[in-house]
Amino acid sequence: MTNAELIARDLAVLWHPCTQMKDHEWLPLVPIARGEGVWLYDCDGKRYLDAISSWWTNLFGHAHPRINAALKDQLDRLEHVILAGFSHEPIVALSEKLVARAPHGLARAFWCDNGSSAIEAALKMSFHYWLNVSGRPDKRRFVTLANSYHGETLGALAVGDVRLFKETYAPLIHDAITVPSPDAYLAAPGESAVDVARRAAAALEAVLATHSEDIAALIVEPLVQCAGGMRMHHPEYLRLARAACDRFGVHLIADEIAVGFGRTGTLFACEQAGITPDFLCLSKGLTGGYLPMSVVLTREDVYQAFYDDYETLKAFLHSHSYTGNALAARAALATLALFDDDEVLARNRRLATHMGRAAAPLREHPHVADVRQTGMILAIEMVRDKATREPYPWQERRGLAVYRHALMRGALLRPLGNVIYFMPPYVITEEQIDFMVEVAREGIEIATLDPAPFGDVPAAGRIGWMA
Ligand SMILES: *Cc1c(COP(=O)(O)O)cnc(C)c1O
């Protein structure tokens with residue numbers, strides 16, 4: 001099977017995620033035959049460095065021998081069993097391990113099967129908790145940060161704030177209260193990241209002070225708003241937000257679906273602020289990028305608020321068919337074991353330092369306004385005007401020029417609008433980091449040419465967007 005053959009078959013039957021399918025009239029689809037470590041190999045044998053960990057899921061590279069072995073072993077024992085009324089060793093062991101490693105005080109694991117569904121479960125649990133403990137159906141609103149992203153299902157979309165994903169569906173979703181983001185990129189002249197964090201926390205505090213009677217929870221992506229363009233904030237915001245939530249009797253939901261499992265330098269991003277959220281949502285890296293799985297970790301007292309005689313109807317009657325899948329649990333256990341054995345976080349600190357050094361010269365580029373980094377996530381913000389930070393109009397799709405250049409050179413970069421970022425698997429080497437940064441640098445040179453460098457692309461094909 002060649003690339004061309006598989007592409008033709010694909011385009012005849014598939015509808016791809018987050019894609020204007022018409023783009024594929026001129027933008028080649030990349031059919032992957034196999035993966036190994038940081039590399040993906042297409043059907044014609046060309047390889048691509050997976051600089052974005054296949055949508056932030058992969059932690060230790062593709063086809064990792066130890067995760068593969070765990071899955072092969074599990075496959076001959078049990079693939080899946082209903083988790084209501086039944087249990088199995090992998091899900092018990094995984095729950096024990098996560099509770100032991102998560103921020104102190106998180107004691108219970110509720111399993112779901114993708115990131116958005118974990119968010120939905122946390123929102124429902126928070127609302128239901130207030131109903132159970134004090135019969136207060138009025139505590140039903142959610143507070144979200146500007147530019148946040150929490151998934152695509154209607155409830156998750158409602159607490160997100162990325163216009164491109166949300167606007168079309170606005171008539172379908174409940175409205176959330178949006179407070180300013182602590183995003184350090186938004187610092188006024190002379191303001192530091194901590195200053196921005198304090199300013200945003202004061203705005204949050206004002207909202208909670210007046211509306212806390214109606215509010216169930218605040219939802220936050222700790223340290224990095226990923227889908228919103230890898231915007232980063234100071235951990236002080238999380239400390240202040242935790243304190244404000246405590247003061248006004250509002251839950252804090254931490255969405256670490258993207259930033260969990262070492263991406264920010266610590267196993268969980270909340271650790272850098274020394275806080276424990278009331279609900280911690282995890283997915284993506286949980287299974288090392290192998291299988292869909294997610295979890296909501298919560299405190300014992302939240303669990304206890306649902307624990308009563310059946311007729312009280314306090315139970316959390318929520319489920320997904322593949323909840324607690326045994327194969328996914330084994331992949332997750334094997335992934336967590338890799339964190340134990342290989343001093344991953346210490347090695348990542350060295351890799352992150354190297355990545356930061358390699359990318360630093362891009363700060364001087366006339367169309368780069370910001371090069372920011374939190375642990376193993378590094379982002380480069382392309383702008384039309386460096387002095388005013390005026391962005392390139394989204395219609396020009398400058399990031400797409402970087403994407404196309406990278407594919408040609410053998411790397412998978414997938415810019416978010418004008419933001420080029422790296423979120424590589426942890427098995428990447430310093431040489432591979434140098435290659436990745438070099439490809440991005442070349443891509444930025446091309447993407448910032450004027451007029452926007454589409455050349456062969458028909459004008460109609462340029463309208464749309466690429467996440
Ligand atoms: C990806 C993501 C989600 C949604 O997870 P899915 O598995 O894609 O539904 C939610 N929150 C954050 C922060 C994410 O990055």
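In listed order, ligands and their atoms are each counted from 1. This is a predicted model, so every value here is computed, not measured.
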Please test His318 against Phe316 for ring pair (Phe, Tyr, Trp, His ring centres under 6.0 Å), starting from the C-alpha separation and ending with a verdict.
CA-CA 6 Å; His318 177 109; Phe316 191 55; 5.1 Å; yes
The answer, listing residues by chain and number that come under 4.0 Å of ligand 1 through any heavy atom, is Trp56, Asn114, Gly115, Ser116, Tyr149, His150, Gly151, Glu221, Asp255, Ile257, Ala258, Lys284
Solution key, residues 324-332 side-chain donor-acceptor pairs under 3.5 Å, sequence neighbours excluded:
residue, atom, partner, partner atom, Å
Asn325, OD1, Leu327, N, 3.1
Asn325, OD1, Ala328, N, 2.9
Asn325, ND2, Glu79, O, 3.3
Asn325, ND2, His80, ND1, 3.1
Arg330, NH1, Asp73, OD2, 2.9
Arg330, NH1, Gln74, OE1, 2.9
Arg330, NH2, Asp73, OD2, 3.2

Non-neighbouring partners of Phe268 that pass ring pair (Phe, Tyr, Trp, His ring centres under 6.0 Å), sequence neighbours left out:
Phe261
Is a donor from one side chain sitting under 3.5 angstrom from an acceptor on the other, for Gln272 and Thr266?
yes
Are Glu381 and Arg372 within salt-bridge range, i.e. N to O under 4.0 Å?
yes
If you look only at pairs with a residue in residues 279-293, which of them pass as a side chain to side chain donor-acceptor pair (under 3.5 Å), with sequence neighbours excluded?
Asn68-Tyr290
